[in-house]
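Since the structure comes first, as structure tokens, the remarks are kept for the end.
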Amino acid sequence: MDIPVHPSNVFLIGPMGAGKTTVGSMLAKAMGREFLDSDAVLQERTGVTVSEIFEHEGEQGFRRREREVIAELVERKNIVLATGGGAVLDADNRRLLASRGTVIYLRVPLEAQLQHLRADRTRPLLQSGDPEEVLKRLSLERDPLYRELCDYQVNMDGLTARAACENIVEWLDQTPGLS
Ligand code: S3P
């Protein structure tokens with residue numbers, strides 16, 4: 001495994017509905033770090049929602065803005081960062097995440113994902129078409145990227161956010177040079 005440049009940064013990757021934001025904020029508290037969410041930062045900066053960015057600038061416009069925010073946030077130290085589910089599609093994002101912190105993949109089974117996202121109106125990619133089909137297609141494309149990029153995976157199946165957080169803290173504590 002490569003030695004991370006900023007070992008104290010923790011980056012959470014994984015699909016929509018895996019619990020990156022919930023686990024990430026708990027983890028930050030447990031580790032005494034600052035928590036950031038790339039979508040939330042983007043929304044704060046632009047003053048509009050992710051859905052509105054998709055609507056006015058398309059997915060391409062959103063990805064460009066997402067890339068800029070991630071490139072800036074990874075320069076910080078001692079942060080826990082939750083990234084959007086599609087952040088790993090971009091090769092620059094992957095390179096930066098891999099080199100500037102420890103990357104943790106939150107895996108979630110399709111059924112649990114669907115349950116979390118059933119009534120969701122904030123994810124533009126799920127507002128048209130059959131959510132199950134969309135999530136399956138995204139997973140086929142992205143799961144190999146998540147796996148390739150991560151230093152550690154947590155299977156969220158049946159885990160509470162707290163249990164996932166404890167699992168990650170334990171792994172970080174056991175892994176030399178990371179905590
Ligand atoms: C996206 C996931 C969302 C958000 C945007 C696109 C994706 O973030 O970035 O709606 O492409 O999977 P979450 O993973 O936090 O839901």
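Order of listing sets the numbers, starting from 1, for every ligand and every atom in it.
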Checklist outcome for this item: Numbered in order shown, the ligand 1 atoms found under 4.0 Å of a heavy atom of L125 are 7 (C), 11 (O)
Next on the checklist: List ligand 1 atoms under 4.0 Å from G84, heavy atoms only on the residue side.
Outcome noted: 8 (O), 9 (O), 14 (O)
Can you confirm whether [X] sits close enough to [Y] that some side-chain heavy atom of one is under 4.5 Å from a side-chain heavy atom of the other?
X	Y	result
T102	N9	no
E132	L114	yes
E141	L89	yes
L172	M31	yes

Does an N or O from [X], backbone or side chain, lie closer than 3.5 Å to an N or O of ligand 1?
X	result
T83	no
G17	no
R142	yes

Next on the checklist: So that I can tick it off, tell me whether R64 and E59 are bridged by a salt bridge, with the cut-off set at under 4.0 angstrom between side-chain N and carboxylate O.
Outcome noted: no
Item to check | Pair D90 + R94, salt bridge at N-O below 4.0 Å | outcome: no
Which residue owns the protein heavy atom closest to [atom], what's the atom, and how far is it?
atom	answer
atom 10 (O) of ligand 1	P124 CD, 3.5 Å
atom 9 (O) of ligand 1	D39 OD2, 2.8 Å
atom 5 (C) of ligand 1	V50 CG1, 3.9 Å
atom 16 (O) of ligand 1	R123 NE, 2.8 Å
atom 14 (O) of ligand 1	K20 NZ, 2.5 Å

Checklist entry - Does ligand 1 have any atom sitting under 4.0 Å from a heavy atom of R63? => result yes
Checklist outcome for this item: Nearest heavy-atom approach of V69 to S38 is CG1-O, 4.0 Å
Item to check | Side-chain donor-acceptor pair present, Y105, N155, cut-off under 3.5 Å | outcome: no
